[in-house]
Amino acid sequence: MIKQAQKTYDAKKSEQEVHAWWQASDIYNKLKRSRADAPTWFFLDGPPYASGAIHLGTAWNKIIKDAVLRYKTMRGFNVLRQPGWDCHGLPIEVKVEEKLGVKSKKDIEQVIGVERFIEECRQWALKHIALMTEQFKRLGVWMDWDSPYVTFTNDYIESAWWTLKRAHESGLLQMDLRIIHWCPRCETALAEHEIRGEYQDVRDPSLFARFKLADRPNEYLLIWTTTPWTLPANVAVCVHPDYSYARVKVDGDIYILAEALVANVMGELGVGNYQLMGLVKGKELEGLRYEPPLLEEVPKQREFQSHYRVICGEHVTLEEGTGCVHTAPGHGEEDFAVGAKYGLPVFSPVGPDGKFTAEAGKYAGLFVKDADRVILEDLERKGVLLKRGVITHPYPHCWRCQVPLIFRATEQWFLKISDIKPRILEKNSAGVRWVPDWVATRYVNGVESVGDWCISRQRYWGIPLPIWICQNCDDMVLIGGREGLATLASGPLGETDLHRPHIDRVKLRCQKCQGEMRRVPDVLDVWFDSGICSWASLGYPRHGEPFKSLWPSDFITEGEDQVTKWFYSQQAASVIAFGEVPYRLVLMHGFALDEHGRKMSKSLGNVVEPSEVIDKYGADVLRFYMLSANPPWEDLRFNWKGVDVVNRMLNVLWNVYVFATTYMALDEFDPKKIDMGKIRGHFLPEDLWMLSRTNSVTRGVTEAFEEFNIHIAARALANFVLEDLSRWYVRLVRERVWVEREDPRKLAAYVVLYQALHSLIRLLAPIMPYVTEVMYRDLVKAVDARAPESVHMLPWPSVQEAAIDAELEQGMSIARVLVEGAAAARQQANLKLRWPIGKAIVQTSSPEMVRLLRGLQSVLKGQLNCKELVLLGPEEYAAEFRLVCKPDMRSLTEKFGGLAPAIVDTVQRMDVRRLRAELRRYGFAGLQIAGQKVRISSEDVAFEEALPDGFAVAPTEFGRVIIDARLTPELKAECLARELVRRLQTMRKEQDLAMEERVDVVIGTKADEHVKLLASQQGYIAREVRAQNLRICRSEEVAGPGCVKDWNVDGDSFRLLVRRLSKS
RNA sequence: GGGCCCGUAGCUCAGCUUGGCUCGGAGCGCUCGGCUGAUAACCGGGAGGUCCGGGGUUCGAAUCCCCGCGGGCCCA
């Protein structure tokens, strides 16, 4: 049996209860089993980083995923939904360092020990996986929480090794001396994509210095730099070959700088008096020798004496500086590149900790940034420094520890992306659908500008590079898996963990010289870990299945920051491994910002935790809010008011549900026992309308989901709940369900309401999994033991096209506007809505509307609360309207002179409406005036409508509504009856009477006329308030047990009594 | 500096693809009134706008084009 629902919905309690039930009844796994034979849909979870708690953005990400996955499941797919966890890398290392109180790699290796450090990192990851899993579960996210893929397992590491082996075999892996971003705190290289978005403004020294030319007395190259600490590594000065350079004389010295920058630079230097001594092309400066300014301080520079020349490079710009660029190939990418062309030494006297090495002479042991000051002093003392200032400019920082990065030349391992870039782009454009489509452009732009991928990190908690090098002959071997390792290992391998430090202890025997091979100590960039997850998560290559039947994945979705990160790292790794792209469909989503569009951050104090929202409103509301507030791909501005609006929608949904179950329970309505053949004949227009709406909303929501317009789906559902169900259909059927007997029309309403709710809960299930489950259980499961246990096991509702009647829907929306118009007219006339009126006239603005409204007259009549409804087309007029013809005397006199008065006289005796129709139709009308034929036209007469007293009119966009506001005594009696009914209902409610309970009622009045007036309404009142006995008398006579209350009804006093009948 | 996206009422957003009879809208908030046996609900009226700014195309621009400005993400 359908049970009456609780009056209010306690989201928190219900969600906990549903969650526990899912768990206890193993619903998720039952659902999965039920789809075991269905076509698969391979969703790949972008692994969140297993450190810290989830924030609003992570919540949104999983909510989007969950909604899509639930939808796809209902569409009949066997959806793969294994969650993933990204566990390696610096963020966790940094946290563990903090926890253990260590600050450097030396501490890790010597104080803590790598073994314990790794174990701490593993524990950190495990702890946060557990924590975040619980948080995701609370959001109602259904995934395989018990069997996620985790990047630190041996199997996963093997997948990475195998992939690297593929790269090696294709010649895509290389070791090279490169200039890379280096974090002096973490003491490791950072890849290009780790720098992205990590620029912060910093204040750096800005200095002009002069380098004395070797062979020309008093002549200098003028350079500008913001990194004095790179000057000890200076080996050249670079100019642009095509630019014009000026020799500028200042106080007897001559400076060489770009012509275009002379004025600027002289201004900067505060030099007012200077002379242009001549111009020369950059190309002609090439080869000029200069004296290295820090030769004494950095003795090592003597080894480079053959250099210290002017070289040419295209990268020199005129945007800042002097056009003469201090060049240190050991500390800059462009410097490195141009240096390679000229065979310059790569001098990089800076250690991994960011301190100068012994090669830096005087500066050895100083941290580079601290050395800035010392170097500046030296330059100043030596007369090299012309000006020192300060500049604020963006500078890259370590994404984890926020320390400014430096450039260092180191040996690193790279993937040669340049070799596969064309294939990535080609496979991407052929095989991937991007939603929204413009993300494809953004992605391609990103890939085009990407360089080689530095995959080595000089750290601990990561996938070890599977590269061993012979200590004897330098031969290199790359291990693709555990078996390969066991074969070559010099000792037994056993079940060893593949992380450091264990793996470092594995020595291999060189196949060439029998020498000992040792592993390269580096670990992999974490982005490589997640890049391989589409196959690593499936256990490939260790297991051929399910990889062979599933790969590539059908769907991924992540935030917009992943466009050049995970979306890219996956494609790059996959093209290396398989020559193919690893996914078919990408939905990019936005960022969760605060309500003003700012990033949420602790320092701004604008952070909203998902748990805060859930505690207050429940997960359903948070989910619906996040899915409805925006298109997924735009940034979401979190707004508490918006959440509250969703909560109210949920409330209304619940109220509709309470309404339905209340009456259905009362009447023991059983949807299974309904003879649809019989009911069909009793459908009223509003029933057919509701069925039509149910199906067209189903269609709209389905289309929206298919296109990932999840916001449109959600908004359509909210609209359906609020407008169609609550504000209209329930209002229309209220009277019908109050009827106390078996009435086929009442059953019809139940059937329609039931169907609407049944579809609605399925459509809402992917977005609000909890409340729909509760509703499903009581509304469906309670009456049908064979129905699936959970709403989430149901198939997605199909659209019954035959039930959709576009004209009916159109007509109904017009009717609604007209009813609103009538309310406005009533307000003018001071007529309460519950007061019946005699007549309402609807004059539409087109004949089309008359047709659309014809079948809806019963609805209109009921909602307009009138005894008589007149529906008119635009050219039809109500009898109550008088059309008055106003002749234009001036116009008539001009045209007809003395005949004018006679014309007026005739016109006013004519049928005004016919005259107007004639004029409208032909533009003129013929008259017989004193035997003469006269032709008058539209401009000669005006028409005015006169509304009689007692009428009120309201215009609407579809026509106007006119109401007869005059109340006859009969109507007044009805008005009074309704006023009394309302008060009696209030009294019933106050006494907590059950809805079906009967009462005795006495109505006492001060005025005898009321007794008479109400006599005619006795039956109506008794029916409405479920009175067994109803007595109408004078107030003084009201007495007896029961609740008595005095009321004032529009100035008249009444004493009402409601007596509960003793239960028998 | 470059790429992509966004900019409409105090706030959060529809409308823009395909220019014109929902072209200036909705919800929230404010305000006045009404309704209420599903109602901690709801309904109606009102106030509130340089559709970011400036040019252009057109008979006509929130909508299309160009140039700015502001915000977000990414890249330099």
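Below, chains carry the letters A, B, ... as their sequence lines are ordered, and counting in each starts from 1.
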Any strand is fair game: report the nucleotide pairing with [N] by Watson-Crick or G-U wobble, both distances under 3.5 Å, or none.
N: B:U17; value: none
N: B:C73; value: B:G3
N: B:G37; value: none
N: B:A61; value: none
N: B:U12; value: B:A26

Which part of the nucleic acid, if any, lies within contact of [X], taking any heavy atom under 4.0 Å across all strands shown: a base, the sugar-phosphate backbone alone, or nothing?
X: A:Thr661; answer: nothing
X: A:Gln985; answer: base
X: A:Arg731; answer: nothing

Starting at atom [atom1] of [X], determine the distance to atom [atom2] of [N], rounded to an integer number of angstrom.
X: A:Gln6; N: B:A38; atom1: CD; atom2: P; value: 18 Å
X: A:Glu560; N: B:G3; atom1: CD; atom2: C1'; value: 13 Å
X: A:Phe669; N: B:A38; atom1: CZ; atom2: P; value: 18 Å
X: A:Leu722; N: B:C28; atom1: CG; atom2: C1'; value: 13 Å
X: A:Glu634; N: B:U8; atom1: CD; atom2: P; value: 12 Å
X: A:Phe638; N: B:U12; atom1: CZ; atom2: C1'; value: 12 Å
X: A:Trp654; N: B:C42; atom1: CH2; atom2: P; value: 18 Å
X: A:Tyr625; N: B:C28; atom1: OH; atom2: C1'; value: 12 Å

- Look up atom OH in A:Tyr657 and atom CE in A:Met664, then write down how far apart they are to the nearest 0.5 Å. 10.5 Å
- For RNA chain B, whose closest nucleotide is more 5', that of A:Glu979 or that of A:Asn445? A:Asn445
- Task: Select from A:Trp438 and A:Val730 the residue whose nearest nucleotide in RNA chain B is closer to the 5' end of that strand.
- Result: A:Trp438
- Item | Stacked cation flag A:Lys7 on A:Trp654, 6.0 angstrom / 45 deg | no
With [atom1] as the reference atom in both, quote the distance from [N] to [M] in angstrom, rounded to an integer.
N: B:C73; M: B:G54; atom1: P; value: 29 Å
N: B:G19; M: B:C64; atom1: P; value: 9 Å
N: B:C16; M: B:C6; atom1: P; value: 13 Å
N: B:A9; M: B:G48; atom1: P; value: 15 Å
N: B:C59; M: B:G44; atom1: C1'; value: 40 Å
N: B:G29; M: B:G70; atom1: P; value: 34 Å
N: B:G55; M: B:U17; atom1: C1'; value: 24 Å
N: B:G72; M: B:G20; atom1: P; value: 33 Å

- A:Tyr443 and A:Tyr568 aromatic ring geometry - parallel, tilted or perpendicular at 30°/60° bounds: tilted
- Message: Angle between ring planes, A:Trp434 versus A:Phe567, binned at 30° and 60°: parallel, tilted or perpendicular?
- Response: perpendicular
When you get a sec, tell me which of [options] is the closest nucleotide to the side chain of [X]?
X: A:Asp635; options: B:C13, B:A40, B:G72; answer: B:G72
X: A:Asn639; options: B:C28, B:U12, B:A14; answer: B:U12
X: A:Leu593; options: B:C74, B:G72, B:A38; answer: B:G72
X: A:Val658; options: B:A38, B:G10, B:G27; answer: B:A38
X: A:Asp561; options: B:A38, B:C73, B:C28; answer: B:C73
X: A:Asn651; options: B:A40, B:A38, B:G72; answer: B:A40

[X] side-chain N/O to [N] phosphate OP1/OP2 under 4.0 Å:
X: A:Arg988; N: B:G37; value: no
X: A:Arg734; N: B:G37; value: no
X: A:Tyr657; N: B:A38; value: no
X: A:Arg727; N: B:C43; value: yes

- Message: Given the structure, check if the side chain of A:Arg442 and the base of B:C73 hold any donor-acceptor pair shorter than 3.5 Å.
- Response: yes
- Under 3.5 Å, is there an N or O donor on one side and an acceptor on the other linking the side chain of A:Ser449 and the base of B:A76? no
- Item | Check: A:Tyr617/A:Asp644 side-chain N/O donor and acceptor closer than 3.5 Å | yes
- Message: Does A:Leu984 form a side-chain contact (heavy atoms from CB on, under 4.5 Å) with A:Ile1021? I'd like the steps, not just the answer.
- Response: CA-CA 9 Å; A:Leu984 289 165; A:Ile1021 296 173; 4.0 Å; yes
- Query: Can A:Arg1026 and A:Asp1000 be counted as an ion pair, charged N to O under 4.0 angstrom?
  - Reply: no
- Let me know which of A:Glu558, A:Gln562, A:His55 forms a side chain to side chain donor-acceptor pair (under 3.5 Å) with A:Asn61. A:Glu558
